[in-house]
A.B. asks: 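The structure follows.
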Amino acid sequence: MIRMNQVVKSYTTGKVDFTALKGIDLHIRKGELAAVIGPSGSGKSTLMNIVGCLDIPSSGEYMLEGSDVGQLSSNELAEIRNRKIGFVFQAFNLLPYATAYENVEVPLLFAGAKAKYRRERVIELLSRVGLANKVSNRPTEMSGGEMQRVAIARALANEPDVILADEPTGNLDSKSGGEIVKLFHELWESGKTIIMITHDNNIAATAERVIKLKDGMIDSNGLKARTSA
Amino acid sequence: MIPLMTIKQFFNDMRRQKLRSALTMFGIFWGTCSIVLLFAFGQGITESQIKAQRGLGDNIAIIWPGVTSKEFRGLPTGRRVRFTEEDARLIKSKAATLKGISPEYRGWNINLRYKKQTTLRSVSGVWPEFSDLRNVIPDIGSRFINKRDMDEKRRVIFLGDKLAEDLFEEAEPVGQSVLFNGTPFTVIGVMKEKKQNSSYNGRDNRNAFIPSTTFKAMFSRRFVNVMIVQAYPTASMEDTKSEVYKIMGERYKFDPSDKEALSIWDTTRGIAFLKTFFMAFQYFLFGIGVATLITGGIGVSNIMNVVLEERTKEIGIKMALGAKKQMIMLQFVLETLLITAIGGLLGFLFAYALIQVFPYLELDEFIGTPRVNMVGSLMVIGVLGLVGLASGYFPARRAANLQPVQALKLF
Ligand SMILES: Nc1ncnc2c1ncn2[C@@H]1O[C@H](COP(=O)(O)OP(=O)(O)OP(=O)(O)O)[C@@H](O)[C@H]1O
Ligand SMILES: [Mg+2]
């Protein structure tokens, strides 16, 4: 499903070059639930953004479902972000002036879905994340947990195979964080591939597999038992 | 499919971002409105001045008798040169550049009376052509002096509109009889109201006009007071004047280059000056217009910049959710165009409404009737729209060219 070979990402700030990812080899199979952990600045978000096609590697190869992402045009990348990947951010990234309904509708609009389908789908998604009664609320009228559930509903809109979440509980208290994690587990059980960055070891412990980053490199990829076997 | 999506998205955004849309729209509205008004009033003032100048007549000159100042074939200087109706006929038959001519006899302190109302007025004895020469146009239901009046020396009188008001108040003058130094005259017409800002003998609206033949018979005058000549629109008044000097010089034996033998007031010179002046005035307005546009443009562009942060983040989010570059740019262009169109249209309509109401304020005597310049208005809207587009388009395009994560992180 996701395969990376020697992916490098470096940034140039002023005159200084900084390499955030120093050659990542990673393979994630369809239907996995992987947690990504590591100290702050180790490159977790950088990696996740590349996986989510929100950014491109400086070098190396990234294959998503067999196609080489490095070879795709910006429109093809947009298509992938729209249909194959659902991204959940720590900072929610909802459109601030739009209602929950309208936020969830955005990816459906970009996919060109028909009005009737959009309506049914948005309501279905918001019900699924337990927000059927908040369709008309704007982000300012919702709690953090509610905003993140809108973001998850939005990520699910076009039935992507992969859900990526960058510290989805980072801005939430433990109770609403727990509810979000529960939602991800339900999604995993329904067959989605899920990759989630977290600082919370308890949450990481619930994952099927834990990938640990350190200084831009994979410290352990959670497959030791299998690879050594 | 893509445009449909964009339209829906677009109206969602417009509705949500009320403040931004409203501010931008207001900038366009204000710019359009003020410039349309500026040009409309400029145009109105110019037209009214030129029209008022024309109240005296189009392309005419007024000729008074004079005194010779040059010796001619042994004749001394200081001879009076006066002229008669016969001379007017002579000039009419000989001058090639002459479109029309009318002599004008003038009588002062003539007692005009209708019922109990009396007034002392100056009355002119003129030819039918006088009406065209001097823009003394009959109002509805009226007529000016005609050939039969002339031939039969009829006792008919044409009244200036103010004079008619003074004598008749509410009553209808045409067909009524007025006493002219005690003699009954039939009113054949009243002058249509006109603007007149210069004269050689009082405003036409307070004067009265009778056939020259009638005048001559009543007052047994030999010489006329003035002659009015009109050059063809294509001819120069200078040529007409030369012709008049030549014809009259031959007849009264004076040097055609003797400018004092006849004194001529060429009114076209005033118009020429006025046209130059108002040309300069239009340039001045144009300058103000450009300055206003620049200010308005900066305003619109500032508003666009204020929302740049919000906009970049929004573009980042939309790209993360699968928006293609073209969709984002198309939406942006549509948005600016719509805002510009609405703002421009509202500004134009507002200015237009003001201009329509304006005549009821009855200020037109001073500054004329403002007129909307359609081409100018469209240009204003276009320029403001372009400024709005440019000031928002480039940042938006820059954002759309970034990787989504960069747009999300930019601020
Ligand atoms: N746009 C950028 N320009 C320059 N350096 C960057 C940029 N983005 C990230 N970095 C650097 O790359 C490194 C990895 O950043 P990244 O956001 O991936 O860390 P992280 O593991 O997600 O940390 P955290 O747990 O705090 O979110 C950091 O040292 C950061 O300073
Ligand atoms: Mg991070």
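Just so it is clear, the model here is predicted, and its values are computed rather than measured. Here is the naming used below: chain letters follow the sequence lines, and residue numbers restart at 1 for every chain.
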A.B. asks: For B:W30, I'd like to know if atom CH2 has over 12 heavy atoms of other residues, nucleotides or ligands within 6.0 Å.
C.D. replies: no
A.B. asks: Of the backbone (N, CA, C, O) and the side chain (C-beta and beyond), which part of A:L94 lies under 4.5 Å from a heavy atom of chain B, both, or neither?
C.D. replies: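 Only the backbone of A:L94 comes within 4.5 Å of chain B.
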A.B. asks: Counting C-beta onward and ignoring hydrogens, is there a side-chain heavy-atom pair between A:L109 and B:M327 closer than 4.5 Å?
C.D. replies: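 A side-chain contact under 4.5 Å is absent here.
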A.B. asks: How close do A:R81 and B:A320 get, counting heavy atoms only, and between which atoms?
C.D. replies: CB-O, 3.6 Å
A.B. asks: At a heavy-atom separation under 4.5 Å, does A:N49 approach chain B through its side chain, its backbone, both, or neither?
C.D. replies: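 When you check distances to chain B, only side chain atoms of A:N49 fall under 4.5 Å.
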A.B. asks: Going by heavy atoms in the side chains, are B:K324 and A:N82 under 4.5 Å from each other?
C.D. replies: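 Counting from C-beta outward, B:K324 and A:N82 never come under 4.5 Å.
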A.B. asks: Check A:F110 against B:L321 and note the closest heavy-atom contact, atom names and distance.
C.D. replies: CD1-O, 3.9 Å
A.B. asks: B:M319 and A:L54: side-chain contact (heavy atoms from CB on, under 4.5 Å), yes or no, with the steps?
C.D. replies: CA-CA 8 Å; B:M319 287 198 299; A:L54 299 178; over 6 Å; no
A.B. asks: Within the supplied structure, the quantity of interest is the number of heavy atoms (other residues, nucleotides, ligands) at a distance under 6.0 Å from B:F350 CZ; does it exceed 12?
C.D. replies: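 At most 12 heavy atoms, drawn from other residues, nucleotides or ligands, come within 6.0 Å of this atom.
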A.B. asks: Please find the pair of heavy atoms, one from A:A78 and one from B:A323, that lie closest to each other, and give the distance.
C.D. replies: CB-O, 3.7 Å
A.B. asks: Please indicate whether B:F277 has more than 12 foreign heavy atoms, meaning atoms of other residues, nucleotides or ligands, lying under 6.0 Å from its CZ.
C.D. replies: no
A.B. asks: Got more than 12 heavy atoms from elsewhere within 6.0 Å of CD, B:E193?
C.D. replies: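 12 or below, so no.
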